[in-house]
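See structure below.
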Number of protein chains: 2
Amino acid sequence: MRVADLPGRPCSLAAALQLVGERWALLAVREVALGNHRFSDIARGTGAPRDRLSARLTALVAAGVLERRPYATAPPRSGYHLTAAGRDLVPVLQALLLWGERWAADRPAVRLHHETAGHGDHPVDGTWTCRTCGEPLAGARPTLTPAGRTLLGLPPEEDPR
Amino acid sequence: MRVADLPGRPCSLAAALQLVGERWALLAVREVALGNHRFSDIARGTGAPRDRLSARLTALVAAGVLERRPYATAPPRSGYHLTAAGRDLVPVLQALLLWGERWAADRPAVRLHHETAGHGDHPVDGTWTCRTCGEPLAGARPTLTPAGRTLLGLPPEEDPR
DNA sequence: GGCGGTCAGTTTGGATGTCCAACCGACTCC
DNA sequence: GGAGTCGGTTGGACATCCAAACTGACCGCC
């Protein structure tokens, strides 16, 4: 994916959306992450029409997010599995899920829970943290890209034009 | 957004995608988060066709992600600003941006930088963390939804069907 | 006053994407 | 033999998408 070829601002966000931004793509990845590897299960879980799903899965395999793995030869059948890139997409799905729980869903249909020794079972409150310094990213000052543009860090303070 | 009305598995992820999953929507939010509040600036930054952008912005305002704020009356002009829901979307954009940098972009077109007292200026090495317990979420055990289905936590261990 | 430019869209016609129902071949189960 | 499963493909109707041109209200300049 050549970032420079994308329309608009050259940005990895646009590149990511090019690969997984089409309709049903992220839902298909969710189903595979949940352990549904077969075409019909993914179709049922997402509600996507079968022809659209077929096109999306092919594209996701081409993009390196999913891989096909045969599980039967008699009639040749293969399931879809996450690649490393696909597994790396799970935090993205979690972030969108949490946002949807808070702002899109009428009621928390599905809740992310977490169980740790220190805090027992608790609802997940996800945030991005910088592994180098341990600080949350949301508090970062906007900085400059190589091209000298401001860039995603904190939504910049409102400028009252 | 009634989760039960969505096709497929009732899930806040689907609800979220219903609001911000259409083409150009997240890029438009990115532009507003970067401080571009005017229609033409958003069009330039995203590269979206103007009619599509017009439709998306209207939908995002209806969804409560953006709000219009007048800044001129002579020809009536208003800019787009983030609501609380829109600001909450920033971690999602960061998640996709970091994923895109790693898996989608040919070269790191845009780099997240971070400046803190302890570590000076350094590239961001983002990790998705639970704010309640401080543990990384990627290691979380999958848990059950109210309806008794498994749910997004860790991609479940491969079951060799 | 006339000229060009900005701004936030809308309009146009044609390309592309999406949906749905039906169908298919190669199997398995009863 | 008949029904069902599985992973798709096909066809046709419909919606969305696109680039480019257009609108109409303003603004600054000379």
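Given the structure is predicted, the values throughout are model-derived calculations rather than measurements. A, B, ... follow the sequence lines: proteins, then strands. Residue 1 opens every chain.
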Expected rows: protein N/O vs nucleotides 20-24 of chain C N/O, under 3.5 Å:
unit_1 : atom_1 : unit_2  : atom_2 : d
C:dC20 : N4     : A:Asp51 : OD2    : 2.7

Atom pairs, protein N/O to nucleotides 27-29 of chain C N/O, distance under 3.5 Å:
unit_1 : atom_1 : unit_2  : atom_2 : d
C:dC27 : OP1    : A:Ala74 : O      : 2.3

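Considering only residues two or more places apart in sequence or on other chains, B:Arg50 meets the side chain to side chain contact (heavy atoms under 4.5 Å, CB included) condition with B:Phe39, B:Ser40, B:Ala43. Shown here are the side chain to side chain contact (heavy atoms under 4.5 Å, CB included) partners of B:Thr58, two or more places apart in sequence or in another chain: there are none. In this structure, B:Arg23 has no salt bridge (Lys or Arg N to Asp or Glu O under 4.0 Å) partners at least two apart in sequence or on a different chain. Listed by chain and number, the residues in a side chain to side chain contact (heavy atoms under 4.5 Å, CB included) with A:Ala84 are A:Arg87, B:Trp103 (sequence neighbours excluded). B:Ala28 meets the side chain to side chain contact (heavy atoms under 4.5 Å, CB included) test with B:Ile42, B:Leu53, B:Leu57, B:Leu60; sequence neighbours excluded. For B:Gln18, there are no side chain to side chain donor-acceptor pair (under 3.5 Å) partners at least two apart in sequence or on another chain. With sequence neighbours excluded, the residues that form a side chain to side chain donor-acceptor pair (under 3.5 Å) with A:Thr129 are B:Thr129.
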Check: residues 72-80 of chain B side-chain donor-acceptor pairs under 3.5 Å, at least two apart:
unit_1  : atom_1 : unit_2  : atom_2 : d
B:Ser78 : OG     : B:Arg68 : NE     : 3.2
B:Ser78 : OG     : B:Arg68 : NH2    : 2.6

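For DNA chain D, the outermost nucleotides in 5' to 3' order that have an atom under 4.0 Å from a heavy atom of chain B are D:dC17 to D:dC26.
No hydrogens or angles were tested; on distance alone, a donor-acceptor pair under 3.5 Å links the side chain of B:Arg77 to the base of C:dC7.
For B:Glu31 and C:dA8, the CD to P distance is 14 Å, given to the nearest whole Å. The interatomic distance linking B:Ile42 (CD1) with C:dA8 (P) rounds to 8 Å, in whole Å. Straight-line distance from the CD atom of A:Glu22 to the P atom of C:dC19: 11 Å, rounded to whole Å.
Using modelled atom types, no side-chain atom of A:Arg56 and backbone atom of A:Ala48 make a donor-acceptor pair closer than 3.5 Å. Formation of a donor-acceptor pair under 3.5 Å by the A:Trp128 side chain with backbone atoms of B:Trp128 is not found in this model. B:Trp99 places a side-chain N or O within donor-acceptor distance of the main-chain N or O of A:Ala85, the cut-off being under 3.5 Å.
OP1 or OP2 of C:dC19 sits under 4.0 Å from a side-chain N or O of A:Arg23. When the side-chain nitrogen and oxygen atoms of B:Arg68 are compared with OP1 and OP2 of C:dG9, one or more of them lie within a distance under 4.0 Å.
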Please report the C-alpha distance between A:Arg44 and A:Glu31 in whole Å, then the side-chain angles of each, then the deciding distance to 0.1 Å, and finally whether the salt bridge (Lys or Arg N to Asp or Glu O under 4.0 Å) criterion is met. CA-CA 9 Å; A:Arg44 202 175 2 262; A:Glu31 288 304 309; over 6 Å; no

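Atom CG of B:Leu34 sits about 10.5 Å away from atom CG of B:Leu27, to the nearest 0.5 Å.
For residues 58-67 of chain B, proximity to DNA chain C is found at no residue, defined as any non-hydrogen atom under 4.0 angstrom from a strand atom.
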